[in-house]
Amino acid sequence: MAARRIGCIGWGSLLWDPRTLPMAAPFALEGPELPIEFSRVSLDGRVTLVIDRAAPVVPTYSVPMAVEGLEEAVEALAIREKVTSTRRGEWIGYQERGEEVGGGATPEPVRATIAEWLERTAFDAVVWTALPSRRPDGELGLPTLDQLLEHLLALRGESLARAEEYIRRAPPAVRTPHRAHFEAVLGWSSWHR
């Protein structure tokens, strides 16, 4: 039996900071178009890109993984994303070719888009980060743009530097409404230009 080809979809820091993610090649702008937005306030203060079904779709990236199978790919992505074993079933998404339903807490329409894209690739399965939106108060849920701006304007020191770096380093193809607003209000344009 031939080895299975497992891919990983990315759109944020995974692209410029893969750390321990076992990749067989660099990320390429060949992922599905997904609804992605700066809709999660991380514990370190950054406002990060996550799947947000209310957002317009943007291009994403994909990479072949240097793993033996899907379980190893899920584990590797969970380690990179610091997702605990109790949350892996929710916060790491996966889809196998030909399977109707994959794993993770990704909304059904987004999972369907990923499944359709997977059928057009050379991958047998794919994984992605499925972290939920989180507001500045730490509660899960969709933050407003005003809440995010207020949060970013209140940051200082290392937290501010990390938040600015994340927004500036986000891939240039991932143009979202929040990103355009951050650039206009905060002056944090992409470092990729």
Side-chain angles (χ1 to χ4, degrees), residues 6-67 69-96 99 101-115 117-118 121 123 125-135 138 140-143 148 162-163 165-167 169-171 173-174 176 178-179:
I6 312 297
C8 179
I9 301 168
W11 50 77
S13 64
L14 203 55
L15 277 66
W16 70 84
D17 185 17
R19 290 180 223 152
T20 60
L21 191 72
M23 304 184 318
F27 271 97
L29 187 56
E30 297 173 355
E33 290 196 346
L34 299 176
I36 305 292
E37 186 54 274
F38 288 91
S39 297
R40 179 180 174 82
V41 177
S42 294
L43 297 177
D44 66 3
R46 296 173 302 146
V47 176
T48 62
L49 292 161
V50 293
I51 293 172
D52 174 347
R53 62 193 223 179
V57 298
V58 297
T60 65
Y61 296 71
S62 64
V63 65
M65 296 183 72
V67 295
L70 184 55
E71 284 184 31
E72 185 181 342
V74 168
E75 176 76 12
L77 184 56
I79 289 168
R80 160 51 177 87
E81 297 289 22
K82 297 180 182 170
V83 172
T84 63
S85 58
T86 58
R87 291 292 194 177
R88 285 189 187 150
E90 294 176 83
W91 294 356
I92 300 297
Y94 64 88
Q95 180 69 47
E96 292 187 78
E99 294 293 319
V101 178
T106 302
E108 172 53 38
V110 178
R111 284 199 323 261
T113 298
I114 292 170
W117 168 82
L118 179 59
T121 72
F123 298 130
V126 67
V127 297
W128 65 91
T129 304
L131 294 170
S133 297
R134 185 166 51 207
R135 295 187 296 265
L140 297 183
L142 197 60
L148 295 175
R162 278 193 305 269
E165 177 188 32
Y166 186 97
I167 291 168
R169 290 189 78 170
V174 182
T176 74
H178 285 9
R179 182 181 198 165

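These numbers come from a predicted model, not from an experiment.
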Under the criterion side chain to side chain contact (heavy atoms under 4.5 Å, CB included), I'd like the reasoning laid out for Ser39 against Arg135: C-alpha separation, chi angles, the key distance, then a yes or no.
CA-CA 8 Å; Ser39 297; Arg135 295 187 296 265; over 6 Å; no

Min side-chain heavy-atom separation Ile9-Val63 under 4.5 Å
no

Can you tell if the side chain of Leu131 reaches within under 4.5 Å of the side chain of Val83, non-hydrogen atoms only?
yes

Rounded distance [0.5 Å steps], SG in Cys8 versus CE in Met23:
9.0 Å

Using 4.0 Å as the upper bound for N to carboxylate O, is an ion pair formed by Glu90 and Arg87?
yes

Closest approach of Ala73 and Val67, non-hydrogen atoms and distance?
CB-CG2, 3.9 Å

Could you measure the distance from the OH atom of Tyr61 to the CG atom of Leu29? Nearest 0.5 Å is fine.
4.5 Å

Do Leu148 and His178 come close enough that some side-chain heavy atom pair is under 4.5 Å?
yes

Let me see the working for Thr84 and Trp91 under side-chain hydrogen bond (donor to acceptor under 3.5 Å, both in side chains), right down to the final yes or no.
CA-CA 9 Å; Thr84 63; Trp91 294 356; over 6 Å; no

Other residues, nucleotides, ligands: >12 heavy atoms within 6.0 Å of Arg53 CZ
no

With no hydrogens and no angle check, is any side-chain donor or acceptor of Arg179 less than 3.5 Å from a backbone partner on Phe38?
no

Residue pairs passing the side chain to side chain donor-acceptor pair (under 3.5 Å) test where at least one lies in residues 29-38, sequence neighbours excluded
Glu37-Thr176

If you measure from CD on Glu72 to CG on Leu77, what distance do you get to the nearest 0.5 Å?
12.5 Å

Below 4.5 Å, heavy atoms only, C-beta onward: do Ile51 and Ile36 meet side chain to side chain?
yes

Where at least one partner belongs to residues 19-28, residue pairs that pass salt bridge (Lys or Arg N to Asp or Glu O under 4.0 Å), sequence neighbours excluded
Asp17-Arg19

Of the non-hydrogen atoms in Ser13 and Arg46, which two are nearest, and what is the gap between them?
OG-NH1, 4.4 Å

State whether the side chain of Glu75 and the backbone N or O of Ile79 hold a donor-acceptor pair below 3.5 Å, judged by distance alone.
no

List the atom of Pro171, the atom of Leu15, and the distance in Å for their closest heavy-atom pair.
CG-CD2, 3.5 Å

Is a donor on one side and an acceptor on the other found under 3.5 Å between the side chain of Arg134 and the backbone of Val41?
yes

Consider only side-chain N and O atoms of Trp128 and Thr106, and report whether a donor and an acceptor are under 3.5 Å apart.
yes

Go through it in stages, so that I can follow the logic: the residues are Leu70 and Tyr94, the test is side chain to side chain contact (heavy atoms under 4.5 Å, CB included), and I'd like the CA-CA distance, side-chain angles, deciding distance and then a yes or no.
CA-CA 8 Å; Leu70 184 55; Tyr94 64 88; 3.7 Å; yes

Would you indicate whether the side-chain heavy atoms of Trp117 and Leu34 approach each other to under 4.5 Å?
no

Minimal non-hydrogen separation, Thr60 against Pro32, with atom names
OG1-O, 2.5 Å

Separation between CD (Gln95) and CD1 (Ile114), nearest 0.5 Å, reads 8.0 Å

Between Leu14 and Phe27, is there a side-chain heavy-atom distance shorter than 4.5 Å?
yes

Spacing of Ile167 atom CD1 and Arg162 atom CZ [to the nearest 0.5 Å]:
13.0 Å

CZ (Arg111) and CG (Leu118) are apart, to the nearest 0.5 Å, by 14.0 Å

Could you tell me which non-hydrogen atom of Pro35 sits nearest to which non-hydrogen atom of Val110, and how far apart they are?
CG-CG2, 3.7 Å

In terms of heavy-atom contacts, Ala163 and Gly45 come closest through CB-O, 4.2 Å

Hits for ring pair (Phe, Tyr, Trp, His ring centres under 6.0 Å) against Tyr166, two or more places apart or cross-chain, chain-then-number order -> Trp16

Taking side chain as C-beta onward, heavy atoms only, is Phe123 less than 4.5 Å from Pro64?
yes

